[in-house]
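Right, one structure below, let's go through it.
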There are 2 protein chains.
Amino acid sequence: MSTLNRARIVAAAVDLIEREGADAISMRRIAAELGVGVMSLYNHVPNKSALLDGVAEAVLSEIEFTDDPSAHWTDRVRIQARAFRQIAHHYPRSTMVVVSRQLRSPAGMLPAERALATLRDAGFEGGEAVRMLRMFIAYIVGSLLREVGVTPTFAPVRPDAPVAEADPALFPELSARAQELGACDHEAEFEFGLELLVQAMAVRLGERGLSGHETA
Amino acid sequence: MSTLNRARIVAAAVDLIEREGADAISMRRIAAELGVGVMSLYNHVPNKSALLDGVAEAVLSEIEFTDDPSAHWTDRVRIQARAFRQIAHHYPRSTMVVVSRQLRSPAGMLPAERALATLRDAGFEGGEAVRMLRMFIAYIVGSLLREVGVTPTFAPVRPDAPVAEADPALFPELSARAQELGACDHEAEFEFGLELLVQAMAVRLGERGLSGHETA
DNA sequence: CCCGTCTACGTACACCGTACGTACGTCACC
DNA sequence: GGTGACGTACGTACGGTGTACGTAGACGGG
C-alpha cells in the first residue's frame with residue numbers, strides 16, 4: 001500500500017525465497033506479491049542480479065556479531081562461526097544466494113573484518129591470518145551448503161527403507177556405516193568441525209591444550 | 001553425425017558449460033551444438049535436471065582415485081583431497097553443478113567409500129569417521145567454490161587499483177591486510193587448510209607430530 | 001500555466017523447459 | 001513381400017522468464 005522502494009522489494013524477495021525456494025523467485029512473482037506491475041520494480045532495482053545482491057545483503061546484515069575483544073580468541077572464533085551459521089537456520093533457502101554473491105558492501109565485509117581482528121589478536125600475523133580466514137570460510141560455507149541440502153550428506157537416500165541402500169559388495173564402507181550416515185545432526189556436525197579447526201589453530205600457535213573446551 | 005545418445009548429449013553439455021559457463025546452458029543450445037532438434041534430446045534424457053546429473057557424473061567419474069592402501073593414512077587423505085580438487089582445474093565451470101547435485105550412482109558414492117575406507121584404516125571408528133568425512137567434504141567444497149569464483153576471496157575488488165579498496169576507518173584490518181588479501185594462490189590455500197586438517201585429525205588420533213610432512 | 005522529473009505500468013521480444021503430435025526408418029513376424 | 005509395431009527425430013505450441021521501451025499520470029518549481 002505504501003510507496004514502493006528497494007527495501008520493500010528486497011523484503012518481499014526474501015519472504016518469497018523462504019516460502020517457495022530460491023528457484024521459484026522471479027520478478028513477476030515478486031511484483032505480484034507486492035501487488036504491483038512487474039516493471040515498477042525496475043524503478044528501484046537495476047536488474048534481478050542486483051536484487052539478489054540486496055537479498056544477500058539483507059540476510060547478512062541480520063547476523064548478530066557480538067564480539068567481545070576481551071574474551072579468549074578461541075571463544076571469539078567459535079561465537080563468530082556460530083553467528084554466521086544462524087543464517088542457515090533463519091533463512092535456510094536464502095543461504096545459497098548469500099554465500100554465492102560476493103558483496104563489496106559493508107554488510108559483506110564486516111564478517112571478514114571481525115574475523116581478521118580476532119585472528120590478529122590471537123597472534124596470527126598477516127599472511128597466516130588471511131589463510132586461516134579463508135580456510136574457515138571454506139569450512140563454514142561447505143557446512144552450510146550441506147545443512148541446507150545443496151550438498152549431499154551421504155545419508156542413504158530415503159529416511160525410511162531400513163538401512164540397506166548401497167550394494168554392500170561395491171560399497172562395503174558405506175554399507176557398514178549406513179547407521180551413522182543416515183543421521184546428520186547439523187549442529188553437532190558443525191560443532192565437531194569447528195572444534196577441530198579451533199584446536200588446529202591453537203596448535204599452530206604453539207598453544208596446545210589451551211583451547212578452553214573439551215570436545216564431545 | 002553418428003546417432004544421438006545420452007553420452008554424446010552429456011559430453012556436449014560439459015563442453016558447452018566449460019566454454020560459456022553454467023548459466024549459458026540450455027536444451028536449445030545443446031541441441032544446436034549437436035546439430036539436432038531440441039526435442040530429440042528428450043529421447044535420451046528425461047529432463048534437464050537428469051542431464052545435469054549426467055554432467056556431474058561424467059565429471060566426477062574422471063577423477064583419478066589411485067588409492068594405495070599401504071601408504072600412510074595421512075598421505076592417502078592428501079592424495080584423495082587433491083584428486084577431488086582436480087575437477088576445479090579440469091572443469092572449473094562445471095564444479096558448481098558437480099557439488100550441488102547429490103548423486104546416488106557409483107560415481108557419486110565412490111569418493112565417499114574410498115574416504116571412509118581410509119579413515120577406518122587410520123583408526124577412526126564409525127561415528128567419528130563419518131564426522132571426519134563430512135568435515136573434510138565441507139572444507140573441500142568450500143575451497144572449490146572459492147577457487148571457481150562462486151564464493152568471495154575478499155580480494156580487493158579489482159586486481160588493478162593499487163591497494164586501497166575499503167575505507168581504512170571502517171575496515172582497518174581489511175585495509176591493513178589488503179596486500180595478502182589481494183593475492184589468492186588457490187593451490188597454496190588449499191594445501192594450507194588440507195595440512196591443518198590432516199594434523200588436526202592426527203592429533204585426534206593421539207599421534208601428534210607423525211603426519212610426515214612439515215608445513216610451509 | 002507549463003514544463004521537467006519521477007513513478008507506475010502495459011506491451012513486446014527473445015529465450016527458456018517441455019508436453020504433444022507426427023513422420024520416418026528399421027525390424028519381427030506372417 | 002507385405003505389414004504392423006516400435007523407436008528416433010522433429011515441429012509446433014504453451015506457459016514461463018528477464019527486461020527494453022514507450023506511455024501516462026502525479027508532483028513541484030519557474
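Just the heavy atoms: all of them, side chains too, but no hydrogens, waters or symmetry mates, feed the values below. Quick caveat: nothing in here was measured; it's all calculated off a predicted structure. Chain naming here is simple, since letters A, B, ... match the order of the sequence lines and numbering starts at 1 in each.
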- Task: Could you state the atom-to-atom distance from CG of B:Leu34 to C1' of D:dC10 in whole Å?
- Result: 15 Å
- Message: Does anything in residues 42-59 of chain B come within less than 4.0 Å of DNA chain C? Heavy atoms only, and list the residues if so.
- Response: B:Tyr42, B:Asn47, B:Lys48
- Task: Look at the aromatic rings of B:Phe65 and B:Phe84 and report parallel, tilted or perpendicular, splitting at 30° and 60°.
- Result: tilted
- Query: The side chain of B:Met27 lies closest to which of these nucleotides: D:dC10, C:dC9, C:dG17?
  - Reply: C:dG17
- Message: We want to know whether B:Arg114 and B:Thr118 form a side-chain donor-acceptor pair, criterion being a heavy-atom distance below 3.5 angstrom.
- Response: no
- Item | Whole-Å gap separating P (D:dT8) and CZ (B:Arg6) | 14 Å
- Query: Going through the checks in order, is the salt bridge (Lys or Arg N to Asp or Glu O under 4.0 Å) test met by A:Glu33 and A:Arg19?
  - Reply: CA-CA 12 Å; A:Glu33 211 73 17; A:Arg19 279 209 319 278; 2.3 Å; yes
- Side-chain donor-acceptor contact under 3.5 Å, B:Arg8 with B:Thr3: no
- Nearest-Å distance for atom pair CD1/P, residues B:Ile9 and D:dA9: 8 Å
- A:Leu4 CG - C:dC6 C1' separation (whole Å): 13 Å
- Is a side-chain donor-acceptor pair under 3.5 Å present for B:Glu18 with B:His90? no
- Item | Spacing of CD belonging to A:Glu128 relative to CD belonging to B:Glu180, to within rounding of 0.5 Å | 11.5 Å
- Query: Under 4.0 Å: is that the gap between some side-chain N or O of A:Ser40 and OP1 or OP2 of C:dC9?
  - Reply: yes
- Query: Residues from residues 12-20 of chain A sitting under 4.0 Å of DNA chain D, heavy atoms only?
  - Reply: none
- Message: My understanding is that only one of B:Leu34, B:Asn43, B:Val14 makes a side-chain contact (heavy atoms from CB on, under 4.5 Å) with B:Ile9; could you say which?
- Response: B:Leu34
- Message: I need the A:Leu145 CG to B:Ile137 CD1 distance, nearest 0.5 Å.
- Response: 12.5 Å
- Task: Hey, which sits more toward the 5' end of DNA chain C by its nearest nucleotide, A:Arg28 or B:Ser26?
- Result: A:Arg28
- Note on the structure: Of all heavy-atom pairs linking A:Leu52 and A:Val97, the shortest is O-CG2, 3.9 Å
- Task: Identify whether any heavy atom of B:Val38 sits under 4.0 Å from a base atom; if not, whether one sits that close to sugar-phosphate; answer base, sugar-phosphate or nothing.
- Result: base
- Distance, rounded to the nearest Å, where B:Leu41 contributes CG and D:dG11 contributes P: 12 Å
